[in-house]
Student: 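Shown below is the structure under consideration.
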Amino acid sequence: MNLVILESDKIKLESVLTGFIEESGARLAMLVGKNGMILSRRGDFAGVDVQSLAALTAGSFASTQALASVVGEKEFTGVFHQGKRINIYIALVADFGILVAVFDVATTIAMIRLTARETSKRLEPIIADLIARSK
Amino acid sequence: MAQISVADKEVTVKIVYYGPGMSGKTTNLLYIHQRIMSKNLTDMVSIATEGDRTLYFDFLPLETDIIPGFKAKFQLYTVPGQVQYNATRKLVLQGADGVVFVADSQWSRQKDNVDSFTNLKENLLEEGVKLSDIPYILEYNKRDLADAARPEYMEYLLNREEFKVPSFEAVATEGKGVFEVLNYITRMVVAKILKDIKK
Ligand SMILES: Nc1nc2c(ncn2[C@@H]2O[C@H](COP(=O)(O)OP(=O)(O)OP(=O)(O)O)[C@@H](O)[C@H]2O)c(=O)[nH]1
Ligand SMILES: [Mg+2]
């Protein structure tokens, strides 16, 4: 099965991501499949190796889910990577992959976590529709 | 599962190099990376242990114009071949559109090749995918070594599914066969996508 993205899907996904960036103050946001492919992205990507970011966050989140099952948890819905200047938050997008948000430390993690979770919920039906149509 | 963006005129495809530990998977990607670096400003990402054994994966993104009117992005991955890393191997294999099975030609490694090939089929099946449903080819690597088994023998061991697949002899350290393999698998994957689209 291939995932087919039409102009209308692109617009819908991008508007949700743009809304997320405006609300949360994230520097960039992207939607990445379990397979490490980028479905949509918005924000400031200057100096960022986008594809590596996607492959590594997808890999990192996949290990996180494996970790959940090791300790008897169904799934972890979010992971936070803390740095000195930059933080990364990864939120689960059910049945598809992850939402990756990169932000400066000025943004509070509580804010990011809250908006990311809401954004995931908004993305899920759009993706479900896209997947159903691709089948 | 390839991603086809009609909106951006872009196709993204995942190709996984699979095979037993030390067969030369990472060496294939390193050679490709070296040769294309000047044209393509992308980096290769490797998650490896100190001894250079792959711990999680290698990742190398490429861009080509193989499909007219579309930008084709090929994402090459290698799995960790060591037996004990099956959990991570499965994660890397998720959603693969094509597989290159890199076998080690040395006599002493033939059982490991067969075990790894069986493991590939099992891991795909767990995801509900039959090996015969995705494009794959065989690379018989390390042909430079004195104790390399004859290709006919490796064919007998590894190319015994219902439909025979193309196989290539290679010396990845010298780059021999590396691009033949890459070109062939990308063509197979693209042909399959075009066929799927027409359906
Ligand atoms: N003689 C010879 N050595 C090779 C060849 N290809 C790879 N090697 C060597 O074999 C060793 C293992 O190669 P890797 O590419 O790291 O093997 P791998 O399949 O990625 O191994 P894992 O990451 O453990 O799964 C290295 O020392 C390579 O230099 C070859 O064609 N001939
Ligand atoms: Mg390796």
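Just so it is clear: chains get the letters A, B, ... in the order the sequence lines come, proteins before strands, and each one is counted from 1.
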Student: Which heavy-atom pair separates L91(B) from S63(A) by the least distance, and what is that distance?
Tutor: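 Looking at all heavy atoms of both residues, the closest pair is CD1-N, 4.0 Å.
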Student: Does F179(B) share a hydrophobic cluster with L76(B), counting links as ILVMFWY side-chain heavy atoms below 4.5 Å and allowing steps through other members?
Tutor: yes
Student: I need the D196(B) CG to S134(A) OG distance, nearest 0.5 Å.
Tutor: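 One gets 11.5 Å once the value is rounded to the nearest 0.5 Å.
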Student: Looking at R133(A), I want to see if its CZ is surrounded by more than 12 non-hydrogen atoms of other residues, nucleotides or ligands under 6.0 Å.
Tutor: yes
Student: Given the rule that I, L, V, M, F, W and Y join up when any side-chain heavy atoms are under 4.5 Å apart, are V165(B) and V102(B) in one cluster?
Tutor: no
Student: Taking atom NZ of K164(B) as the centre, does the number of heavy atoms from other residues, nucleotides or ligands within less than 6.0 Å exceed 12?
Tutor: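 Count over threshold, so yes.
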Student: Does one hydrophobic cluster hold both L125(B) and F117(B), with members joined at side-chain heavy-atom distances below 4.5 Å?
Tutor: no
Student: What heavy-atom pair brings A55(A) and Y77(B) nearest, and what distance separates the two atoms?
Tutor: CB-OH, 3.4 Å
Student: Could you give the distance from CD (Q51(A)) to CG (D43(B)), rounded to the nearest 0.5 Å?
Tutor: 12.0 Å
Student: With rounding to the nearest 0.5 angstrom, report the CG to OH distance, L56(A) to Y56(B).
Tutor: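 Separation between the atoms: 9.5 Å.
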Student: Tell me, side chain or backbone of L93(B) under 4.5 Å from chain A's heavy atoms, or both, or neither?
Tutor: neither
Student: Can I185(B) be reached from Y140(B) by stepping across I, L, V, M, F, W or Y side chains whose heavy atoms are under 4.5 Å apart?
Tutor: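 Unlinked, Y140(B) and I185(B) end up in two clusters.
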Student: Could you tell me if the side chain of I38(A) sits less than 4.5 Å from the side chain of T12(B), heavy atoms only?
Tutor: no
Student: Which heavy atom of V45(B) sits nearest to which heavy atom of S52(A), and what is that distance?
Tutor: CG2-OG, 3.3 Å
Student: Need one label for V92(B): side chain, backbone, both or neither, based on atoms under 4.5 Å from any heavy atom in chain A.
Tutor: neither
Student: What do you reckon, is CZ of F45(A) surrounded by more than 12 foreign heavy atoms closer than 6.0 Å?
Tutor: yes
Student: Quick one: which of Q3(B), K73(B), M1(B) gives a side-chain contact (heavy atoms from CB on, under 4.5 Å) with M37(A)?
Tutor: Q3(B)
Student: Please report the interatomic distance CD1(I5(A)) to CD(E10(B)), rounded to the nearest 0.5 Å.
Tutor: 8.5 Å
Student: Got more than 12 heavy atoms from elsewhere within 6.0 Å of NZ, K111(B)?
Tutor: no
Student: With only heavy atoms counted, which part of A2(B) is less than 4.5 Å from chain A, the side chain, the backbone, both or neither?
Tutor: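 Answer is both: backbone and side chain atoms of A2(B) are under 4.5 Å from chain A.
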Student: Say whether I88(A) and F103(A) are linked into one hydrophobic cluster, either directly or through other cluster members, by side-chain heavy-atom distances under 4.5 angstrom.
Tutor: no
Student: Within a radius of less than 6.0 Å around CG of D65(B), do more than 12 heavy atoms belonging to other residues, nucleotides or ligands occur?
Tutor: no
Student: Can you tell which part of D97(B) gets under 4.5 Å to a heavy atom of chain A, answering side chain, backbone, both or neither?
Tutor: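 Contact with chain A is through the side chain of D97(B) alone.
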Student: Which members of residues 108-130 of chain A, sorted by number, sit under 4.5 angstrom from chain B on a heavy-atom basis?
Tutor: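 Heavy-atom contacts from residues 108-130 of chain A to chain B are absent.
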Student: Step through the shown structure and confirm whether more than 12 heavy atoms of other residues, nucleotides or ligands are within 6.0 Å of OH on Y85(B).
Tutor: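 Yes, enclosed.
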Student: Which pair of heavy atoms, one from Q75(B) and one from G36(A), lies closest together, and at what distance?
Tutor: OE1-O, 3.9 Å
Student: Within a radius of less than 6.0 Å around CG of D95(A), do more than 12 heavy atoms belonging to other residues, nucleotides or ligands occur?
Tutor: no
Student: Can you tell me if R187(B) has over 12 outside heavy atoms packed within less than 6.0 Å of its CZ?
Tutor: no
